[in-house]
Amino acid sequence: MALRYDGQTVVVTGAGGGLGRTYALFFASRGANVVVNDLGASTNGEGASSKAADVVVDEIKKAGGKAVANYDSVENGERIIQTALDAFGAVHILINNAGILRDVSFKNMKDSDWDLIMLVHLKGAFKTTKAAWPVFRKQKFGRIINTASAAGLYGSFGQANYSAAKLGLVGFTETLAKEGEKYNILANVIAPIAASRMTQTIMTEDVLKALKPEKVVPLVAYLAHADTGETNGIYEVGAGYVAKLRWERAQGTLFKTDESFTPASILNRWAEIEDFKGAQYPSGPNDFLALLESAKNLPTNAQ
Ligand code: NAD
């Protein structure tokens with residue numbers, strides 16, 4: 001059974017190349033109306049050109065699909081959503097994919113390296129989502145896929161700015177999932193790995209061959225489908241590998257919060273603090289209060 005998207009409108013940001021292009025081609029081939037957004041910027045966010053989006057729109061149309069181009073920066077996300085509404089009268093699926101890099105050691109990172117990364121990745125996803133949100137709520141349907149990175153989940157040399165923005169998108173997604181669920185707005189976030197101009201200089205030819213962007217598409221398409229019930233998920237995906245991630249918290253130690261709670265008491269109980277035996281998998285701030293309640297039975301420093 002092929003999952004199809006007939007009558008649905010999909011907005012893909014940064015769809016002029018790399019992963020975004022493959023998403024756009026796929027959704028169009030499965031019946032969706034596609035907004036191909038791309039600023040046509042360089043990998044480090046310089047310049048602009050309508051060509052990147054136009055080429056993908058042409059490709060879709062030649063194959064018999066429906067697509068329109070949008071050349072705005074995601075910083076002006078409301079214009080991208082407006083393009084969808086003007087052309088197709090709706091938006092159902094939003095894939096926040098546009099991205100750039102400003103890799104530099106933290107020692108040499110400038111304010112401008114930090115600010116531009118935050119603007120494109122975080123503010124960009126905020127702006128498109130903010131504009132699509134009322135439409136999603138009204139129609140009681142929305143699918144949002146945000147794009148994080150292993151750099152954000154784990155850290156990566158030379159990418160303090162990018163890592164911060166990418167993990168920011170994880171928190172953004174988790175909250176959207178919570179606020180959207182009752183309106184059937186489902187939000188998930190992926191940390192993809194794929195051959196693109198972003199990775200072509202840091203990987204060997206052989207590795208790049210295994211990392212075709214097309215191998216990320218099935219997960220994104222599944223998460224975007226009307227039949228999926230998945231929300232609040234974090235996934236690593238690439239080269240045909242797909243895995244879900246979750247937060248893990250050690251069982252921990254509850255200290256008595258009197259004068260006995262000192263740095264030395266932390267030192268003495270460090271092994272327990274970082275012991276992941278009996279770990280928990282929290283999914284919201286309230287879990288912490290529940291934990292405190294249940295932790296009353298844990299050994300304390302007073303013993
Ligand atoms: P890519 O450079 O091929 O594609 C990114 C696209 O975004 C480009 O076409 C670019 O013109 C566009 N873009 C840049 N700034 C924009 C803006 N302000 N507004 C609209 N469009 C803009 O890179 P890719 O590898 O396909 O990356 C896609 C997404 O996946 C990015 O968010 C990236 O950070 C993320 N990612 C990629 C990898 C990977 O291995 N390729 C790994 C982790 C995360």
Side-chain angles (χ1 to χ4, degrees), residues 11-26 35-57 59 69-81 83 94-103 115-128 145-156 159 161-170 172-173 189-204 207-217 219-220 234-239 241 245:
V11 172
V12 185
T13 69
L19 285 161
R21 173 181 165 272
T22 59
Y23 302 149
L25 294 177
F26 177 84
V35 175
V36 177
N37 156 262
D38 207 290
L39 177 64
S42 68
T43 305
N44 68 1
E46 274 157 11
S49 156
S50 56
K51 194 171 164 214
D54 283 345
V55 167
V56 176
V57 168
E59 214 175 334
N70 170 286
Y71 317 117
D72 285 297
S73 168
V74 283
E75 297 156 61
N76 303 310
E78 69 282 3
R79 294 197 207 147
I80 304 171
I81 300 303
T83 297
L94 171 60
I95 302 183
N96 286 313
N97 164 81
I100 56 166
L101 295 173
R102 280 286 169 114
D103 291 359
D115 291 345
L116 188 63
I117 290 292
M118 295 302 150
L119 197 61
V120 172
H121 291 274
L122 270 180
K123 183 84 181 281
F126 163 71
K127 292 287 278 185
T128 53
I145 318 292
N146 290 324
T147 310
S149 164
L153 298 171
Y154 312 119
S156 171
Q159 297 194 304
N161 49 359
Y162 182 77
S163 308
K166 287 307 203 185
L167 193 60
L169 283 161
V170 174
F172 179 56
T173 307
V189 58
I190 60 161
I193 180 148
S196 75
R197 65 181 192 171
M198 230 182 227
T199 47
Q200 71 191 2
T201 52
I202 53 166
M203 290 175 189
T204 65
V207 173
L208 290 169
K209 252 189 231 149
L211 293 177
K212 292 207 178 358
E214 287 78 5
K215 307 298 173 209
V216 174
V217 170
L219 174 68
V220 169
I234 310 167
Y235 301 89
E236 276 191 88
V237 52
Y241 177 77
L245 282 88

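Indexing begins at 1, ligand by ligand and atom by atom, following the structure's order. Keep in mind it's a predicted model, so treat the numbers as computed, not measured. Computation of the quantities below employed the complete heavy-atom set of this structure, encompassing side-chain atoms and omitting hydrogens, waters and symmetry-equivalent molecules.
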Asks: Considering heavy atoms of the protein only, find what lies nearest to atom 25 (O) of ligand 1 and give residue, atom and distance to 0.1 Å.
Replies: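 Nearest neighbour among protein heavy atoms for atom 25 (O) of ligand 1, to 0.1 Å: S196 OG, 2.5 Å.
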Asks: Under 3.5 Å, is there a donor-acceptor pair between the side chain of D72 and the main chain of I80?
Replies: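 Checking the backbone N and O of I80 against the side chain of D72, no donor-acceptor pair under 3.5 Å is found.
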Asks: Near G18, which atoms of ligand 1 are under 4.0 Å from a heavy atom of that residue?
Replies: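 With G18 as reference, the close atoms of ligand 1 come out as 3 (O), 26 (O).
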Asks: Looking at atom 6 (C) of ligand 1, what's its closest protein heavy atom, distance included?
Replies: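 Sorting protein heavy atoms by distance from atom 6 (C) of ligand 1 puts G14 O, 3.5 Å first.
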Asks: Is D38 in polar range of ligand 1, meaning some N or O pair under 3.5 Å apart?
Replies: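 Min N/O separation from ligand 1 is below 3.5 Å for D38.
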Asks: Within a distance under 4.0 Å of any heavy atom of A41, pick out the atoms of ligand 1 and give their elements.
Replies: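 The list of qualifying atoms is 11 (O).
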Asks: Check ligand 1 against I193 and write out every atom of the ligand that is under 4.0 Å from a heavy-atom position of the residue.
Replies: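 Numbered from 1, ligand 1 contributes 40 (O).
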Asks: Sequence neighbours left out, what passes ring pair (Phe, Tyr, Trp, His ring centres under 6.0 Å) with Y23? Give chain and number order.
Replies: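 By the ring pair (Phe, Tyr, Trp, His ring centres under 6.0 Å) rule, Y23 matches no residue at all.
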Asks: Quick one, V220 with I190, criterion side chain to side chain contact (heavy atoms under 4.5 Å, CB included). Give me CA distance, side-chain angles, the key distance, then yes/no.
Replies: CA-CA 8 Å; V220 169; I190 60 161; 3.7 Å; yes
Asks: State if G124 counts as touching ligand 1 under the rule of any non-hydrogen atom under 4.0 Å.
Replies: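 No heavy atom of G124 comes that close to ligand 1.
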Asks: Taking only heavy atoms of N37 into account, list the atoms of ligand 1 that are under 4.0 Å away from them.
Replies: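 In order of numbering, the contacting atoms are 20 (C), 21 (N).
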Asks: Tell me, which protein residue and heavy-atom name are nearest atom 13 (N) of ligand 1, and how many Å apart are they?
Replies: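 It is A98 CB, 4.0 Å.
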Asks: Check step by step if side chain to side chain contact (heavy atoms under 4.5 Å, CB included) holds for V56 and D38.
Replies: CA-CA 10 Å; V56 176; D38 207 290; over 6 Å; no
Asks: Give me the residue, atom name and distance of the protein heavy atom closest to atom 40 (O) of ligand 1.
Replies: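 Protein heavy atom with the smallest distance to atom 40 (O) of ligand 1: A194 N, 2.9 Å.
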Asks: Supply the atom-to-atom distance R102 CZ to D115 CG, rounded to the nearest 0.5 angstrom.
Replies: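 Between atom CZ of R102 and atom CG of D115 there are 10.5 Å.
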Asks: Got a donor-acceptor contact below 3.5 angstrom from the T199 side chain to the A194 backbone?
Replies: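 Yes, T199 side chain to A194 backbone: donor-acceptor pair under 3.5 Å.
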Asks: Among protein heavy atoms, which sits nearest to atom 2 (O) of ligand 1, and what does the distance come to when rounded to 0.1 Å?
Replies: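 I find the closest protein heavy atom is R197 NE, 2.8 Å.
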Asks: Is the shortest distance from a heavy atom of A148 to ligand 1 less than 4.0 Å?
Replies: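 Heavy atoms of A148 do come under 4.0 Å of ligand 1.
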Asks: As a check for students: among A15, P192, A48, identify the option with a heavy atom nearest to atom 37 (C) of ligand 1.
Replies: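 Ranked by closest heavy atom to atom 37 (C) of ligand 1, first place is P192.
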Asks: To the closest 0.5 Å, what do you measure between NZ (K215) and OG1 (T22)?
Replies: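 Taking NZ in K215 and OG1 in T22, the distance rounds to 10.5 Å.
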Asks: When you measure from atom 27 (O) of ligand 1 to every protein heavy atom, which one gives the shortest distance, and what is it?
Replies: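 Looking only at protein heavy atoms, the one closest to atom 27 (O) of ligand 1 is M198 SD, 3.9 Å.
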Asks: Looking at CD of E78 and NZ of K127, how far apart are the two atoms once the value is rounded to the nearest 0.5 Å?
Replies: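 Between atom CD of E78 and atom NZ of K127 there are 4.0 Å.
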Asks: Identify, by atom number and element, the atoms of ligand 1 in contact range of D72, meaning under 4.0 Å from any of its heavy atoms.
Replies: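 Taking each heavy atom of D72 in turn, ligand 1 has 19 (N), 20 (C) under 4.0 Å.
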Asks: Just need the protein heavy atom nearest to atom 34 (O) of ligand 1, so name the residue and atom and give the distance.
Replies: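 So the nearest neighbour among protein heavy atoms is Y162 OH, 2.5 Å.
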Asks: So for G45, does at least one of its heavy atoms come nearer than 4.0 angstrom to any atom of ligand 1?
Replies: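 So G45 does not count as touching ligand 1.
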Asks: For ligand 1, find out whether one of its N or O atoms is nearer than 3.5 Å to an N or O atom of T43.
Replies: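 Between T43 and ligand 1 (N or O atoms, distance only) the closest approach is not under 3.5 Å.
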Asks: Is it the case that the side chain of N44 and the backbone of L101 share a donor-acceptor pair, with hydrogens and angles ignored and the cut-off at 3.5 Å?
Replies: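 No, N44 side chain to L101 backbone: no donor-acceptor pair under 3.5 Å.
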Asks: Between N37 (side chain) and G14 (backbone), is there a donor-acceptor pair under 3.5 Å?
Replies: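 Checked: pair present.
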Asks: Going by distance only, is there an N or O of H121 that falls short of 3.5 Å from an N or O of ligand 1?
Replies: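 In fact, backbone or side chain, H121 has no N or O that close.
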Asks: Numbering the atoms of ligand 1 from 1, which are under 4.0 Å from a heavy atom of T199?
Replies: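 Near T199, the atoms of ligand 1 are 39 (C), 40 (O), 41 (N).
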Asks: Quick one: pull up CG in N161 and CG in D103 and give me the separation to the nearest 0.5 Å.
Replies: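 Going from the CG atom of N161 to the CG atom of D103 covers 7.0 Å.
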Asks: Checking K166 against T147 for the side chain to side chain contact (heavy atoms under 4.5 Å, CB included) test, could you report, in this order, the C-alpha distance in whole Å, the side-chain angles of both residues, the deciding distance, and whether it holds?
Replies: CA-CA 7 Å; K166 287 307 203 185; T147 310; 4.2 Å; yes
Asks: Nearest non-hydrogen atom to atom 21 (N) of ligand 1 belongs to which of L211, L39, N76?
Replies: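 Going through L211, L39, N76 one by one, L39 has the nearest heavy atom to atom 21 (N) of ligand 1.
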Asks: Does T128 use its side chain to pair, donor to acceptor, with the backbone of G124 at less than 3.5 Å?
Replies: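 Yes, because the side chain of T128 sits within donor-acceptor range (under 3.5 Å) of the backbone of G124.
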Asks: Name the closest protein heavy atom to atom 5 (C) of ligand 1, giving the residue it belongs to and the distance to 0.1 Å.
Replies: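 Closest protein heavy atom to atom 5 (C) of ligand 1: G99 O, 3.7 Å.
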Asks: Less than 3.5 Å between some nitrogen or oxygen of G16 and one of ligand 1, yes or no?
Replies: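 No: no nitrogen or oxygen of G16 is under 3.5 Å from one in ligand 1.
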Asks: Heavy-atom contacts with I100 under 4.0 Å: which atoms of ligand 1 show up? List them by number with element.
Replies: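 Near I100, the atoms of ligand 1 are 14 (C), 15 (N).
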Asks: Quick one: does N97 get an N or O within less than 3.5 Å of an N or O on ligand 1?
Replies: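 Yes, N97 has an N/O under 3.5 Å of an N/O on ligand 1.
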Asks: Show, in sequence, the C-alpha distance, side-chain angles and deciding distance for N70 and V11, and conclude whether the side chain to side chain contact (heavy atoms under 4.5 Å, CB included) test is met.
Replies: CA-CA 10 Å; N70 170 286; V11 172; over 6 Å; no
Asks: Side chain, backbone, both or neither: which applies to S73 and ligand 1 if a contact is any heavy-atom pair less than 4.0 Å apart?
Replies: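 S73 to ligand 1: contacts from backbone and side chain alike.
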Asks: Does any N/O atom on T147 come nearer than 3.5 Å to any N/O atom on ligand 1?
Replies: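 Between T147 and ligand 1 (N or O atoms, distance only) the closest approach is not under 3.5 Å.
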Asks: Out of curiosity, E214 CD to R21 CZ, how far, rounded to the nearest 0.5 Å?
Replies: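 CZ of R21 is found 7.0 Å from CD of E214.
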Asks: Would one find an N or O of L19, backbone or side chain, under 3.5 Å from an N or O of ligand 1?
Replies: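 Yes; the residue has a nitrogen or oxygen that sits under 3.5 Å from a nitrogen or oxygen of the ligand.
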Asks: Does any non-hydrogen side-chain atom of L116 lie less than 4.5 Å from one of I100?
Replies: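 I100 reaches L116 side chain to side chain.
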Asks: Nearest 0.5 Å, what's the CG-NZ distance between L19 and K212?
Replies: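 These two atoms lie 13.0 Å from each other.
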Asks: Under 3.5 Å between some N or O of ligand 1 and some N or O of V74?
Replies: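 N/O-N/O distance under 3.5 Å: yes.
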Asks: Are the side chain of T13 and the backbone N or O of A98 linked by a donor-acceptor pair below 3.5 Å?
Replies: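 Side chain of T13 to backbone of A98, a donor-acceptor pair under 3.5 Å: yes, one is there.
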Asks: Looking only at distances, please establish whether an N/O atom of ligand 1 is found under 3.5 Å from an N/O atom of G20.
Replies: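 No: no nitrogen or oxygen of G20 is under 3.5 Å from one in ligand 1.
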Asks: Measure the distances from the heavy atoms of R21 to every atom of ligand 1 and state whether one is below 4.0 angstrom.
Replies: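 Checking ligand 1 against R21, which is what was asked, there is no heavy-atom contact under 4.0 Å.
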